[in-house]
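This structure is a prediction, so every number in the text was calculated from the model and none was measured. Chain A is the first sequence line, chain B the second, and so forth, proteins listed ahead of strands; every chain is numbered from 1.
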Amino acid sequence: MIATAADIIKKAIQECKKNGAIKAEALPDIIIEKPKKDEFGDFATNAAMLLAGKEGKPPRQIAELIAKEMRQSENIKKVEVAGPGFINIFMEDDYWLGFLKEIHVSGEKFGSSDIGAGKKIQVEFVSANPTGPLHIGHGRGAAFGDALARLLKTAGYDVATEFYVNDAGAQVKNLAESILLRIKEEAGEKVEFGADHYKGEYISKLAAVYRGLAKKGVEESKEEIGRFALQTILEWIKKDLSDFHVNFDSWFSEKSLFDSGKVQKLIQELKGKGFIYEDSGALWFKSTVFGDDKDRVVVRENGEPTYFASDIAYHHDKYERGFDTLINIWGADHHGYIPRIKSVVQALGHDRESLKILLVQMVSLSRGGQPVTMSKRAGEYITLREVLDEVGADACRFFFLMRKSDAHLEFDLELAKKQAPENPVFYVQYAHARICSIIKHAKTVSSCKLQVASLNLNLESCNSKPFLCLSLKEALDIIKKLASFPDVVRGSAAATEPHRITFYLQELAGLFHSYYNRNRVVTEDKELTNARLYLCEAVRIVIHNGLKLLGVSAPEEM
RNA sequence: GCGCCCGUAGCUCAGAUGGAUAGAGCGACGGACUUCGAAUCCGAAGGUCGCAGGUUCGAAUCCUGCCGGGCGCGCCA
């Protein structure tokens with residue numbers, strides 16, 4: 001849609017150059033926007049203001065020259081010069097009505113594009129330590145990552161999603177020990193938990209389950225407990241995610257990087273390149289070369305590799321798999337880790353910008369405005385499961401996606417559950433259900449033979465009833481909104497900001513509900529009815545497509 | 001102390017690459033159901049865009065400095 005306007009403007013400027021009205025050879029980076037006010041047109045551009053300096057003429061004068069050319073273009077209703085030199089463009093009604101047909105023809109594809117040009121891109125997210133159940137913060141990361149992957153796919157990227165499983169290192173040992181301690185404790189022994197031990201309620205649960213399975217003596221089976229706990233927790237995580245409608249293309253084991261010797265290999269390789277050196281018995285990576293605050297330990301004095309060591313191998317492996325771009329989604333508390341991992345990317349010989357790290361901020365839960373507190377100290381946190389069970393996957397996902405990912409999110413459980421218009425999820429889903437209901441109703445009304453599937457509206461004739469009814473401002477506003485959907489999806493994907501979709505859907509649903517209350521869709525007038533059904537169905541398609549991008553269902557009835 | 005993020009209506013938040021009189025939802029207030037789903041709609045109210053400078057035709061947006069909040073600054077992950 002924007003592209004059409006851009007073409008018209010560029011063509012007009014070309015014409016102006018041809019006839020000598022404008023001399024500048026280089027075109028400035030003009031902006032084409034959708035003005036907030038209707039009176040400023042369907043599109044507006046600042047081209048004249050940017051050209052003014054080079055041309056040495058007042059912006060309004062240049063705007064007039066360009067506007068004059070633009071008026072020759074197709075689909076233009078009128079072009080006005082306004083304010084300091086804006087060119088406001090108004091499109092013909094039938095230009096807009098044409099989108100209705102496009103939506104019906106494209107169906108589920110409406111909104112898709114190929115700006116990604118098939119580039120291979122990996123989105124790694126959640127990657128929670130398998131040392132406990134997913135909490136609410138992981139949930140936000142999951143919703144964000146999954147929606148982003150859907151967006152990128154729709155924008156024409158070749159997307160693969162991955163969960164990195166931290167199944168190596170000291171944490172697994174700590175997990176096993178924590179369970180052992182619980183087992184001992186329940187056997188009546190007096191035990192003391194260390195700072196690195198996990199103390200959540202789920203540890204007791206695991207301990208109980210393990211006791212049921214245990215045949216061997218407790219002391220000797222620490223390794224086995226570790227394996228058991230890891231596997232069990234991973235199953236919980238997978239179940240939570242699949243109930244949250246998040247399904248990964250792959251699960252990558254950290255341990256496998258050690259087992260295959262890749263970690264060692266990469267350390268040797270970077271040593272060879274001079275990026276790894278020894279000091280005080282430890283091996284260090286020279287991240288300062290690439291702008292990090294300090295060098296980072298890769299292998300400790302005691303010979304144990306750090307998490308960072310396997311991360312080097314992991315990212316190397318990602319590039320080996322042929323991805324053009326990597327996206328890592330992290331909790332915002334990990335932001336200090338960014339410089340060192342970016343350094344790794346460069347040391348491995350890749351463009352620093354080929355790895356994008358997106359941060360997801362914290363979630364605070366509230367209930368009817370009252371904050372829900374949790375005690376981190378006692379190892380307790382609100383799990384994704386609890387919220388999922390209470391409000392359902394749809395509301396949960398939508399709420400997580402209502403905010404920019406790098407902004408704190410306030411999540412009101414009471415609101416999310418409410419089946420009322422103040423709940424944005426229901427508001428949007430209701431619009432979809434309502435349209436389904438209208439169409440169903442239309443089919444049952446004998447006087448109205450619905451032709452939604454085979455509608456062949458005569459939109460060309462400006463005197464036809466469908467044309468006139470769909471050209472009413474209220475209808476046209478909806479159509480313009482619908483027409484902008486592909487631009488919204490493209491922008492949302494390019495900016496990696498799924499929240500734009502939730503805002504868009506709320507606005508569209510609002511326009512529709514308002515229209516519905518003013519215009520009766522199914523009436524005795526067959527032509528009118530069909531025209532309005534045609535519009536309604538287009539709205540339904542776009543709401544459906546939008547919700548799908550968010551991984552939220554579009555119910556036919558509620 | 002250093003680094004990153006944030007500060008917009010009573011509350012929760014939008015405002016893409018600087019654009020025209022800064023928007024939406026909720027809450028509160030006043031209205032609308034003989035009609036396709038009132039699970040909805042309509043109306044009016046609500047602002048020193050944290051503060052102070054700077055850049056320019058033009059700043060919520062960019063720069064600098066303060067104030068206030070969050071998070072990092074491990075041979076943890």
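Across all strands, A/E410 comes closer than 4.0 Å only to sugar-phosphate atoms, never to a base (heavy-atom distances). Note on A/N46: a base of the nucleic acid sits closer than 4.0 angstrom, heavy atoms only.
Interface remark: the A/D196 side chain does not form any donor-acceptor pair with the B/A77 base, using a distance-only criterion of under 3.5 Å. With hydrogens and angles ignored, a donor-acceptor pair under 3.5 angstrom links the side chain of A/H335 to the base of B/G3.
For the pair A/P84 and A/Q361, both in contact range of RNA chain B, the more 5′-proximal nearest nucleotide belongs to A/Q361. Residues A/L359 and A/M558 each lie close to RNA chain B; by heavy-atom proximity, the contact nearer the 5' end of the strand is made by A/L359.
Comparing the C1' positions of B/A9 and B/C4 gives a spacing of 29 Å, expressed to the nearest Å. Nucleotides B/G74 and B/C11 have their C1' atoms positioned 40 Å apart, rounded to a whole Å. The same atom, C1', is picked in B/A60 and in B/A14; the two are 12 Å apart, to the nearest Å. Spacing of P atoms, B/G30 relative to B/G23, comes out at 27 Å, to the nearest Å. Rounded to the nearest Å, the gap between the P atom of B/C66 and that of B/C26 is 41 Å. B/G65 and B/A24 have their P atoms separated by 36 Å, with the value rounded to a whole Å. Distance noted for atom C1' between B/G47 and B/A22: 9 Å (whole Å). When the C1' atom is used for both B/A28 and B/U35, the distance is 31 Å, rounded to whole Å.
Base pairing analysis places B/U48 opposite nothing; no Watson-Crick or G-U wobble pair with both distances below 3.5 Å involves it. Across the strands present, B/A24 finds its partner in B/U12; the criterion is a Watson-Crick or G-U wobble pair with both atom distances under 3.5 angstrom. Partner assigned to B/G43 is B/C29, using Watson-Crick or G-U wobble distances below 3.5 angstrom. B/C4 is paired with B/G70 under the Watson-Crick or G-U wobble criterion, all donor-acceptor distances under 3.5 Å. In this structure B/C57 sits in a base pair with B/G19, meeting the Watson-Crick or G-U test at under 3.5 Å.
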Steps toward ring-ring contact (aromatic ring centres under 6.0 Å, His included) verdict (A/F398, A/Y427): CA-CA 11 Å; A/F398 198 93; A/Y427 188 76; over 10 Å; no
Worked verdict on A/K473 versus A/D477 for salt bridge (charged side-chain N to carboxylate O under 4.0 Å, His left out): CA-CA 6 Å; A/K473 186 179 179 307; A/D477 283 348; 2.6 Å; yes
Test side-chain contact (heavy atoms from CB on, under 4.5 Å) applied to A/H499 and A/F144, step by step: CA-CA 9 Å; A/H499 76 276; A/F144 177 67; over 6 Å; no
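In this structure, A/F40 has its ring center at least 6.0 angstrom away from the ring center of A/F86.
Taking atom CE of A/M402 as the reference point, atom P of B/C26 lies 12 Å away to the nearest angstrom. With rounding to whole Å, A/D525 atom CG is found 18 Å from B/C36 atom P. Rounding to whole angstrom units, CG of residue A/N88 and C1' of B/G19 are separated by 11 Å. The distance from atom CG of A/L409 to atom C1' of B/C71 is 16 Å, rounded to the nearest whole Å. Taking atom CD on A/E422 and atom P on B/U12, their separation rounds to 17 Å, with Å as the unit. In this structure, A/L508 places its CG atom 17 Å from P of B/A24, rounding to the nearest Å. Across the protein-nucleic acid pair, A/I341 atom CD1 and B/C4 atom P stand 20 Å apart, rounded to whole Å. Protein atom NZ of A/K34 is 17 Å distant from nucleotide atom C1' of B/G19, rounded to whole Å.
A sub-4.0 Å separation between OP1 or OP2 of B/A77 and a side-chain N or O of A/Y198 is absent. For A/Y504, no side-chain nitrogen or oxygen approaches OP1 or OP2 of B/A14 to under 4.0 Å. The shortest distance between the side-chain N/O atoms of A/R518 and the OP1/OP2 oxygens of B/U35 is not below 4.0 Å. A/S514 has a side-chain polar atom (N or O) that falls below the 4.0 Å cut-off from OP1 or OP2 of B/C42.
Between atom CG of residue A/L415 and atom CG of residue A/N423 there is a gap of 5.0 Å, rounded to the nearest 0.5 Å.
Residue A/K481 places its NZ atom among more than 12 non-hydrogen atoms of other residues, nucleotides or ligands, all under 6.0 Å distant.
Distance from the side chain of A/V521 is smallest to B/C36 among B/A14, B/C6, B/C36. The nucleotide whose nearest atom lies closest to any side-chain atom of A/F86 is, among B/C41, B/A14, B/A20, B/A20.
Between A/A48 and A/I87, the closest heavy-atom pair is CB-CD1, 4.4 Å.
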